[in-house]
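Read through the structure below, which is laid out as structure tokens, and then see the notes.
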Amino acid sequence: MNKYAVIGNPINHSLSPTIHAQFAKQVGLSMTYEKILAPLDGFTIAVKNFISAGALGFNITVPFKLEAFDLVDECTLNAKTSGAVNTIKVENGILYGENTDGTGLVNDLCNNLQQSIKGKDILILGAGGATQGILLPLLECQPERILVANRTKARSLKLASSYSEFGKVCGFGLDQIKAKPVDIIINATSASLDGKTPEIPPGVAAGALCYDLMYGKQTPFMQWARKNSALEVTDGLGMLVEQAASAFAFWHGKTPETKQILKFLRETID
Ligand code: NAP
């Protein structure tokens, strides 16, 4: 049996097994896809055990994406630039790493939401692992510029300077954001997990597309955006499904159709 999994901590909430089971059915592939809870200090051992059991690939989620990057033998430019890996393929004992988060976001924005990124002014809130993963694929779509604003300013400054060879990226503190509208705001902070939203001037959302990487019908950031005249507001469920589709293609060489599973998940999750 072709063995795949998602490894993380926590992992119970993961929708990845449901998504990959639907993709496998679509293309007539026989595979298993399980959830593996790795202890916080036991990611490498969990990976070794899974490979010994015959794994052909696996996804990596919070908080192991940086450790996964250190573990791979080879990786794509996207994974290398971001320093984080969310998908590993195992072939003849070699571990190949990819980061599909950014492609997932771009595919959701461009294909599902019919948005253009070219020439747009984009504000990203947060400078953690998710921002590292989405910056290069966004820059490849040629936005006018990307502003990265983070609570810890030093982190966004460092991140912006390391991506400057790929396009116009500027780093700021969250407290430096001007009340001037932008085209797209992406909330890549984990504040929603604590029921919070980053404190930024309301004026920046007027007429913007506001995208929360976290998924759910009413995240605090989505509520804030609706209250502050955003043109369109969405969560990160589409990105989750699209990053899974890119991972599936990385493993199997076939890109699955995503609309059906996205519709199903939209109808079933809170
Ligand atoms: P991370 O590496 O832990 O980074 C967290 C970021 O959030 C940091 O920039 C941190 O700022 C900031 N932050 C945390 N609490 C904040 C608060 N109360 N106010 C302002 N800023 C705050 O996390 P991550 O891996 O980047 O994940 C970020 C989010 O993206 C999570 O909600 C995750 O679920 C989501 N995500 C979704 C998908 C998807 O497929 N939809 C994929 C990947 C990630 P400091 O640097 O100052 O600490």
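Below, all heavy atoms of this structure are taken into account, side chains as well, without hydrogens, waters or symmetry copies. Atoms within each ligand, like the ligands themselves, are counted from 1 in listed order.
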What residues join Leu231 in its hydrophobic cluster, counting side-chain heavy atom gaps under 4.5 Å, either direct or through other members? none
Taking NZ, NE, NH1 and NH2 as the nitrogens, is one of them in Lys153 or Asp175 under 4.0 Å from a carboxylate oxygen of the other? no
Connected hydrophobic set around Leu66, excluding itself, where side chains approach under 4.5 Å: none
How would you list all residue pairs meeting side chain to side chain donor-acceptor pair (under 3.5 Å) that involve residues 232-256, not counting sequence neighbours? Asn86-Gln243, Thr100-Gln243, Asn112-Glu242, Gln115-Glu232, Asp235-Arg266, Glu242-Thr258
Under 3.5 Å, is there a donor-acceptor pair between the Tyr4 and Asn59 side chains? no
Check each N or O atom of ligand 1 against all protein N or O atoms and list the pairs under 3.5 Å, with atom names and distances to 0.1 Å, one per line.
{"unit_1": "ligand 1", "atom_1": "2 (O)", "unit_2": "Gly129", "atom_2": "N", "d": "2.9"}
{"unit_1": "ligand 1", "atom_1": "7 (O)", "unit_2": "Ser190", "atom_2": "N", "d": "3.0"}
{"unit_1": "ligand 1", "atom_1": "9 (O)", "unit_2": "Ala127", "atom_2": "N", "d": "2.9"}
{"unit_1": "ligand 1", "atom_1": "9 (O)", "unit_2": "Asn150", "atom_2": "OD1", "d": "2.7"}
{"unit_1": "ligand 1", "atom_1": "11 (O)", "unit_2": "Asn150", "atom_2": "OD1", "d": "3.3"}
{"unit_1": "ligand 1", "atom_1": "26 (O)", "unit_2": "Gly129", "atom_2": "N", "d": "3.2"}
{"unit_1": "ligand 1", "atom_1": "26 (O)", "unit_2": "Ala130", "atom_2": "N", "d": "2.7"}
{"unit_1": "ligand 1", "atom_1": "41 (N)", "unit_2": "Leu213", "atom_2": "O", "d": "2.8"}
{"unit_1": "ligand 1", "atom_1": "41 (N)", "unit_2": "Gly236", "atom_2": "O", "d": "3.0"}
{"unit_1": "ligand 1", "atom_1": "46 (O)", "unit_2": "Asn150", "atom_2": "ND2", "d": "2.8"}
{"unit_1": "ligand 1", "atom_1": "46 (O)", "unit_2": "Arg155", "atom_2": "NH1", "d": "2.7"}
{"unit_1": "ligand 1", "atom_1": "47 (O)", "unit_2": "Arg151", "atom_2": "NE", "d": "3.1"}
{"unit_1": "ligand 1", "atom_1": "47 (O)", "unit_2": "Thr152", "atom_2": "N", "d": "3.0"}
{"unit_1": "ligand 1", "atom_1": "47 (O)", "unit_2": "Thr152", "atom_2": "OG1", "d": "2.5"}
{"unit_1": "ligand 1", "atom_1": "48 (O)", "unit_2": "Arg151", "atom_2": "NH2", "d": "2.9"}

Would you say the ring centroid of Phe23 lies under 6.0 angstrom from that of Phe248? yes
